[in-house]
Amino acid sequence: MTAEAPVAPALSYGRLIPVTVHFDDLDALGLLHNARYPLLVERAWSRLWQEHGLGFTGDWTAAGDACNAVKELRITYESPVTRPGEYAVHLWLDRLGTTGLTYGFRFCSADGAHTYAHGTRVLVRLDADTLRPAPWSEEFRAAGRELLRNAD
């Protein structure tokens with residue numbers, strides 16, 4: 001008799017983006033270093049937004065919605081990642097305001113079934129010249145609405 005793999009939960013909101021943990025991401029104890037989680041989440045977001053044509057190529061004025069800054073980051077570590085390999089980041093938006101947003105994330109197994117860490121991050125869209133809050137473009141808002149987590 002062969003055991004069947006557990007079925008991964010279906011995502012009712014957001015996106016599951018693959019990420020890779022490399023050997024050099026581990027600390028001296030062989031655990032994914034705590035500072036690598038936010039880095040891997042950032043890489044997942046970058047990949048997702050690049051699918052929508054949003055990215056930074058060296059010109060802050062041309063960057064548009066990619067010209068933003070982190071206002072707050074919260075992360076809770078649930079269980080350690082103990083080996084290199086394929087994982088995923090589940091991404092969604094909790095709030096999409098005029099000049100800011102709050103996104104949620106889960107660092108999880110590749111199939112999304114096991115959560116290693118979760119958190120939120122607040123971003124503020126900036127005007128490239130003044131570095132003051134500026135409104136998101138309508139194109140960005142449309143893409144963002146697809147990621148909004150439904151209020152249950």
Nearest heavy-atom neighbours spanning [X] and [Y]:
{"X": "Leu26", "Y": "Val81", "result": "CD2-O, 4.5 Å"}
{"X": "Ala134", "Y": "Asp127", "result": "CB-N, 3.6 Å"}
{"X": "Ile75", "Y": "Pro38", "result": "CD1-CD, 4.3 Å"}
{"X": "Leu148", "Y": "Tyr13", "result": "O-CB, 4.3 Å"}
{"X": "Ala44", "Y": "Val19", "result": "CB-CG1, 4.1 Å"}
{"X": "Cys108", "Y": "Leu16", "result": "SG-CD1, 3.7 Å"}

Are [X] and [Y] connected in the hydrophobic side-chain network, where two residues link if heavy atoms are under 4.5 Å apart?
{"X": "Leu48", "Y": "Val122", "answer": "no"}
{"X": "Val70", "Y": "Val41", "answer": "yes"}
{"X": "Val124", "Y": "Phe56", "answer": "no"}
{"X": "Leu73", "Y": "Val89", "answer": "yes"}
{"X": "Trp49", "Y": "Leu39", "answer": "no"}

task = Return yes when atom CZ of Arg132 has more than 12 non-hydrogen atoms of other residues, nucleotides or ligands closer than 6.0 Å, and no otherwise.
result = no
message = Strictly distance-based, threshold 3.5 Å: is any side-chain N or O of His52 a donor or acceptor partner for the main-chain N or O of Leu54?
response =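 Pair absent, no side-chain N/O of His52 close to backbone of Leu54.
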message = Distance to the ring centre below 6.0 angstrom and angle to the axis at most 45 degrees; does that hold for Arg149 and Trp92?
response = yes
request  = Go through the steps for Leu40 and Leu32 under the test side chain to side chain contact (heavy atoms under 4.5 Å, CB included), then give the verdict.
outcome  = CA-CA 11 Å; Leu40 291 165; Leu32 180 59; 4.2 Å; yes
inquiry  = By the ring-ring contact (aromatic ring centres under 6.0 Å, His included) test, which pairs, at least two apart or in different chains, include something from residues 61-87?
reply    =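 Matches after skipping sequence neighbours: Tyr37-Tyr77, Tyr87-Phe107, Tyr87-Tyr116.
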Atom [atom1] of [X] and atom [atom2] of [Y]: how far apart are they, to the nearest 0.5 Å?
{"X": "Lys71", "Y": "Leu123", "atom1": "NZ", "atom2": "CG", "result": "11.5 Å"}
{"X": "Thr120", "Y": "Leu101", "atom1": "OG1", "atom2": "CG", "result": "11.0 Å"}
{"X": "Glu42", "Y": "Arg121", "atom1": "CD", "atom2": "CZ", "result": "4.5 Å"}
{"X": "Arg125", "Y": "Thr98", "atom1": "CZ", "atom2": "OG1", "result": "12.5 Å"}
{"X": "Leu29", "Y": "Thr82", "atom1": "CG", "atom2": "OG1", "result": "12.0 Å"}
{"X": "His90", "Y": "Thr115", "atom1": "NE2", "atom2": "OG1", "result": "9.5 Å"}

key: Residues forming a ring pair (Phe, Tyr, Trp, His ring centres under 6.0 Å) with Tyr103, sequence neighbours excluded   = Trp45
ask   = Looking just at side-chain N and O atoms, do Ser137 and Asp65 make a donor-acceptor pair shorter than 3.5 Å?
value =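 Their side chains do contain a donor-acceptor pair, which is all the 3.5 Å distance test asks for.
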ask   = Do the side-chain N and O atoms of Ser79 and His114 include a donor-acceptor pair separated by under 3.5 angstrom?
value = yes
message = Testing Arg106, Arg74, Glu78 one by one against His118 for a side-chain hydrogen bond (donor to acceptor under 3.5 Å, both in side chains), which residue passes?
response =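 Answer to the side-chain hydrogen bond (donor to acceptor under 3.5 Å, both in side chains) test with His118 among Arg106, Arg74, Glu78: Glu78.
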message = Using side chain to side chain contact (heavy atoms under 4.5 Å, CB included), reason through Arg47 and Arg15 one step at a time and then give a plain yes or no.
response = CA-CA 11 Å; Arg47 180 173 167 182; Arg15 289 273 309 275; over 6 Å; no
